[in-house]
Q: 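Have a look at the structure that comes next, please.
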Amino acid sequence: MDEVFSLFERHVNPGLAGLLRFTGLDRVEDRAEGVYVWDREGKRYLDFLGLYGTLNLGHRHPRVVEAVKRQLDRMPMSVRVLVPEPTARLAARLAELTPGELSMVFFGNSGAEAVEAAFKLARIHTGKPGIITTAGGFHGKTMGALSLTPKPEYQKPVEPLVPGVKVVPFGDAEAVAKAIDDETAAVIVEPIQGEGGIRIPPEGYLKELRRITAERGVLLIVDEVQTGLGRTGRFWGLDWEEVEPDLLTSAKALGGGVMPIGAAIGRPELFEAFRENPLIHSSTFGGNPLAAAAALAAIEVTLEEDLPARALALGEKLLEGLRKLAAEWPLLIEEVRGRGLMIGVEFTDADIGALLISELASRGVLTAFGLNNPKVVRLEPPLIVTEAQIEEALAKFADALAATAKALEGIL
Ligand code: PLP
């Protein structure tokens with residue numbers, strides 16, 4: 001066994017190492033470029049997972065790398081008692097790119113930190129503790145964010161959770177209306193559930209949530225950590241419904257696939273607390289100049305290359321190919337769904353999905369299942385993926401399905 005893999009197994013995460021071994025991914029990554037990754041033995045993979053929606057620009061996009069290198073040579077970290085230029089410019093750019101009155105930004109280093117900030121700002125602003133979240137929703141794993149991520153396997157071992165959270169079915173605006181009470185500060189929702197298994201709500205859902213929350217004096221937080229920066233075919237997932245939330249969270253692709261960064265962007269009144277107490281919420285590294293430089297470059301590349309439109313067109317192609325395969329293999333695949341390049345293939349059984357992931361890996365295509373829905377294998381390739389690469393992945397998907405069916409002969 002590779003020494004590095006055994007170090008990881010011994011010192012980082014033996015359970016994950018076991019899972020990787022089971023799917024034939026007990027390899028050590030070596031380098032990456034665009035849509036491709038190579039392991040230490042020189043095997044090349046098409047990265048159709050894209051770090052769960054982080055690698056919209058692929059690995060090491062030259063303009064992002066260049067921006068980071070320039071900042072690295074100048075000043076990578078802020079001293080915090082002077083003002084960092086890239087951070088201020090990024091906040092202003094995000095204010096331009098988010099709907100309506102959203103114009104103030106808190107920076108963290110991850111999606112979970114963006115959600116924690118939104119959670120705290122909602123409570124501070126309203127003076128109420130309650131948050132409504134959706135079944136199957138995923139908002140991160142720090143204590144506050146985890147409390148909004150209703151999955152017993154993650155929540156039970158660390159109870160008690162942050163109190164005040166109610167869970168309603170995803171896609172059901174009426175259920176939110178019923179759950180709102182005098183203690184409700186906010187509703188948090190993903191435009192499309194990512195970890196929940198690429199679940200798309202009924203048309204008009206976000207608009208209806210906005211109408212209900214506005215009417216009842218409750219804040220609406222839209223979590224765009226996975227759907228943002230063009231993934232679904234629009235810059236933000238909420239652009240499909242032109243909804244203006246009170247807070248929007250972003251991370252993953254915001255750092256251009258080079259740096260980690262998270263942001264909670266909100267209406268000015270939600271940030272009033274910072275006037276009285278500028279350090280009421282803070283992070284040493286949040287929005288550091290290196291990460292902010294990466295994000296500024298990532299945003300410009302996304303817009304200049306019109307990657308949302310590209311995601312939409314290529315997503316159609318990938319969806320069409322996968323739907324053809326689903327029709328050929330009805331005993332294996334239950335449904336194919338998605339928007340843009342955020343695509344899920346729901347298998348009839350989670351074990352079949354796991355076998356497929358393993359067959360794909362051996363053929364050099366990387367995918368994974370949804371953390372909150374292991375029956376669903378999701379495909380989130382970089383938005384810079386080419387038609388030829390999509391065809392290559394589809395051909396391998398077809399082979400992997402045939403091999404999976406063969407392995408299950410006599411069982412199905
Ligand atoms: N919110 C959503 C919608 C996510 O998909 C994720 C991660 O998958 C998170 C929050 C948490 O982000 P992070 O893993 O960067 O903490």
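All ligand and atom numbering here is 1-based and tracks the order in the structure. The analysis underlying the following values was restricted to heavy atoms, covering all of them including side chains, and did not include hydrogens, waters or symmetry mates. Fair warning: this is a prediction, and the values are worked out from it, not measured in the lab.
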Q: Mind checking what residues have non-hydrogen atoms under 4.0 angstrom from ligand 1?
A: S110, G111, A112, F138, H139, G140, E190, E195, D223, V225, Q226, K252
Q: Are E346 and V336 close enough that some pair of their side-chain heavy atoms sits under 4.5 Å apart?
A: no
Q: Taking everything shown except E272 itself, do over 12 heavy atoms lie less than 6.0 Å from its CD?
A: yes
Q: Can you name the one residue among R267, R211, K207 that meets salt bridge (Lys or Arg N to Asp or Glu O under 4.0 Å) with E244?
A: R267
Q: L371: what forms a side chain to side chain contact (heavy atoms under 4.5 Å, CB included) with it, not counting sequence neighbours?
A: F138, K141, Y154, E195
Q: Got a sec, which residues hit side chain to side chain contact (heavy atoms under 4.5 Å, CB included) with H125, two or more places apart in sequence or on another chain?
A: L219, E269, L270
Q: Listed by chain and number, what are the side chain to side chain contact (heavy atoms under 4.5 Å, CB included) partners of R10, not counting sequence neighbours?
A: S6, L7
